[in-house]
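All residue numbers refer to positions in the sequence shown, counting from 1.
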Amino acid sequence: MDVQPEPARTAGGGLDPRAELSEFLRTRRARLKPEDVGLPDFGRRRVPGLRREELAQLAGVSVAYYTRLEQGNGRNVSAEVLDAIARALRLSGAEHAHLMHLAKPKQHKKKSVARSQQVRPALRHLLDSIDSVPAYVVGRRSDVLAWNRMAAALFGDWAELPAQERNWARLVFLRPEYRELFVEWDRKASDIVGYLRMDAGCHPDDPQLSALVGELSVKSEEFRRLWAAHDVKEKSYGVKRLRHPLVGDLTLSFETFRLVDDAEQSLITYHAEPDSPSAEALRLLASWGADALRSGTGASSAPPA
């Protein structure tokens with residue numbers, strides 16, 4: 001069994017930005033082959049992927065300069081150089097943004113990072129008014145902040161959980177029922193870790209995020225493996241396949257709406273194709289109401305903050 005290293009932390013309890021930058025660049029370089037970028041492949045390679053000198057050549061920087069950057073020293077690097085390295089590494093949009101956060105981190109007030117997130121009352125009222133579409137609000141660290149009755153009936157009795165446990169990472173990696181709920185559990189798990197990686201790049205000094213990563217690294221081998229891959233992902237849209245204990249299989253499309261007044265909160269909705277078996281299954285959940293909640297697969301709307 002591969003043993004993944006524990007996440008490096010700063011004295012203040014956050015993740016170490018230098019170590020994060022170093023590992024991110026190293027893993028992105030390791031996934032590229034010379035033929036992927038139009039370079040000849042001469043001789044055996046001691047490690048997978050491109051050599052540092054090859055990557056430096058592609059980016060148009062010196063080997064010494066790139067080596068310093070991959071060792072975590074990104075303090076004086078320009079945005080133009082980072083753009084060139086991102087192109088050489090074939091980074092996605094999310095990966096490019098993550099590199100910028102790691103190499104040129106913004107200064108955040110620790111108090112603002114530690115402060116609990118609040119959902120506006122009007123947004124809670126909107127959730128309660130959506131009675132046929134599962135919807136919830138997610139914040140930093142993949143915390144579930146508020147939800148409607150349909151989300152509760154679909155995803156679980158979140159109101160029965162302590163506030164700290166209302167977190168998608170903990171739900172997916174530590175609660176067996178979510179392995180049964182998500183047909184493609186591996187994909188869901190990978191998505192969650194990708195979101196946490198993006199969050200860590202934006203808030204490396206967040207001790208609560210560092211503690212969450214440390215806890216999951218200890219309790220879940222799968223989380224350790226995915227975290228060590230340094231893959232990142234933005235919340236977006238797509239399709240999820242679920243296997244619900246009451247209504248069976250569902251295929252639902254999800255949409256992510258980032259809030260204009262708080263970019264760290266997003267409204268997530270799930271819907272089914274009209275007149276499909278999945279749409280009928282959602283109608284059944286909605287019509288069962290309290291019966292669905294008592295079955296242990298749902299909960300009432302989130303309590304006041």
Side-chain angles (χ1 to χ4, degrees), residues 4 6-7 14-15 20 23-24 27 92-95 97-98 101-102 117 134-147 151-152 154-158 161-204 206 208-244 250-259 263-270 302:
Q4 303 295 346
E6 286 288 322
L15 297 173
E20 292 293 303
E23 284 298 301
F24 179 68
T27 56
S92 67
E95 290 172 329
H98 187 61
H101 288 311
L102 293 177
Q117 290 186 283
Y136 59 87
V137 176
V138 66
R140 289 193 305 268
R141 315 174 200 98
S142 72
D143 286 342
V144 180
L145 304 176
W147 60 92
L154 182 64
F155 292 115
D157 194 359
W158 292 334
L161 299 177
Q164 185 182 13
E165 298 301 316
R166 298 170 194 161
N167 174 279
W168 269 116
R170 286 194 174 96
L171 295 172
V172 167
F173 286 98
L174 303 182
R175 300 183 74 90
E177 60 266 33
Y178 283 84
R179 291 179 180 269
E180 300 297 326
L181 178 64
F182 288 98
V183 174
E184 297 165 312
W185 181 90
D186 291 346
R187 181 178 172 187
K188 177 66 175 178
S190 178
D191 288 347
I192 290 296
V193 175
Y195 304 152
L196 284 182
R197 270 289 177 196
M198 287 294 292
D199 204 3
C202 295
H203 298 288
D206 183 354
Q208 295 181 51
L209 176 58
S210 179
L212 173 65
V213 171
E215 176 190 353
L216 294 172
S217 297
V218 169
K219 295 180 178 179
S220 170
E221 179 183 347
E222 289 126 322
F223 180 86
R224 287 197 304 275
R225 175 178 56 80
L226 290 169
W227 186 257
H230 284 261
D231 292 332
V232 296
K233 187 172 184 180
E234 286 274 21
K235 298 181 182 69
S236 183
Y237 61 91
V239 176
K240 284 286 186 289
R241 295 170 56 215
L242 307 174
R243 181 159 295 134
H244 194 276
L250 303 96
T251 299
L252 302 177
S253 297
F254 68 91
E255 299 284 345
T256 301
F257 304 93
R258 197 176 298 276
L259 302 189
E264 293 175 338
Q265 291 188 31
S266 298
L267 172 66
I268 317 292
T269 64
Y270 282 75

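A cation-pi arrangement is absent between Arg166 and Trp158, since the terminal nitrogen or guanidinium carbon is not both under 6.0 Å from the aromatic centre and inside a 45° cone about the axis. For the pair Lys219 and Phe173, the cation-pi criterion (under 6.0 Å, within 45° of the ring axis) is not fulfilled.
A distance of 8.0 Å separates CZ in Arg179 from CG in Asp186, rounded to the nearest 0.5 Å. To the nearest 0.5 angstrom, Arg243 atom CZ is 13.0 Å from Phe182 atom CZ. Taking CG of Leu267 as the reference point, atom CG of Leu145 lies at 11.5 Å (rounded to 0.5 Å). Separation of atoms CZ (Arg241) and OG1 (Thr251) is listed at 6.0 Å; rounding is to 0.5 Å. Here the CZ atom belonging to Arg187 is positioned 12.5 Å from the CD1 atom belonging to Ile192, to the nearest 0.5 angstrom. For the atom pair Ile268 CD1 and Tyr237 OH, the distance stands at 14.0 Å (nearest 0.5 Å).
Considering only heavy atoms from C-beta on, Asp199 stays 4.5 Å or farther from Asp206 through its side chain. Considering only heavy atoms from C-beta on, Val213 comes within 4.5 Å of Leu209 through its side chain. Put simply, the side chain of Trp185 reaches to within 4.5 Å of the side chain of Glu222, judged on heavy atoms. For the pair Arg175 and Leu161, the minimum side-chain heavy-atom distance is below 4.5 Å. Taking 4.5 Å as the limit, every side-chain heavy atom of Val172 sits out of range of all side-chain heavy atoms of Asp191. In this structure the side chain of Leu174 never reaches within 4.5 angstrom of the side chain of Phe223, judged on heavy atoms. Asn167 places a side-chain heavy atom less than 4.5 Å from the side chain of Ser142.
Across all non-hydrogen atoms, the minimal contact from Pro134 to Leu154 is CG-CD2, 3.8 Å. A pairwise comparison of heavy atoms in Pro204 and Gly201 identifies CD-O, 3.7 Å as the closest pair. For the pair Phe254 and Val239, the tightest heavy-atom approach, listed with the atom from each and the gap, is CE2-N, 3.6 Å. Of all non-hydrogen atoms in Ala135 and Thr269, the two that sit nearest each other are CB-CG2, 4.0 Å. Across Leu196 and Ala169, no two heavy atoms sit closer than the pair CD1-CB, 3.8 Å.
Of the possible polar contacts, none joining the Ser220 side chain to the Leu216 backbone as a donor-acceptor pair under 3.5 Å is found. In this structure a side-chain-to-backbone donor-acceptor pair under 3.5 Å is present from Tyr178 to Phe155. In this structure a side-chain-to-backbone donor-acceptor pair under 3.5 Å is missing from Arg258 to Ser266.
Test Arg140, Gln208, Arg141, Glu264 against His203 for side chain to side chain donor-acceptor pair (under 3.5 Å) and you get one pass: Glu264. Screening Glu95, Arg197, His98 for a side chain to side chain contact (heavy atoms under 4.5 Å, CB included) involving His230 leaves a single residue, Arg197. Each of Gln117, Gln265, Lys235 was scored for a side chain to side chain contact (heavy atoms under 4.5 Å, CB included) with Val138, with one residue passing: Lys235.
The 12-atom threshold is exceeded at CD of Glu177, counting heavy atoms of other residues, nucleotides or ligands nearer than 6.0 Å. More than 12 heavy atoms of other residues, nucleotides or ligands lie within 6.0 Å of CZ in Phe257, so this atom counts as buried by the packing criterion.
In this structure, Tyr136 and Trp168 have tilted ring planes: the angle between them lies in the 30° to 60° band.
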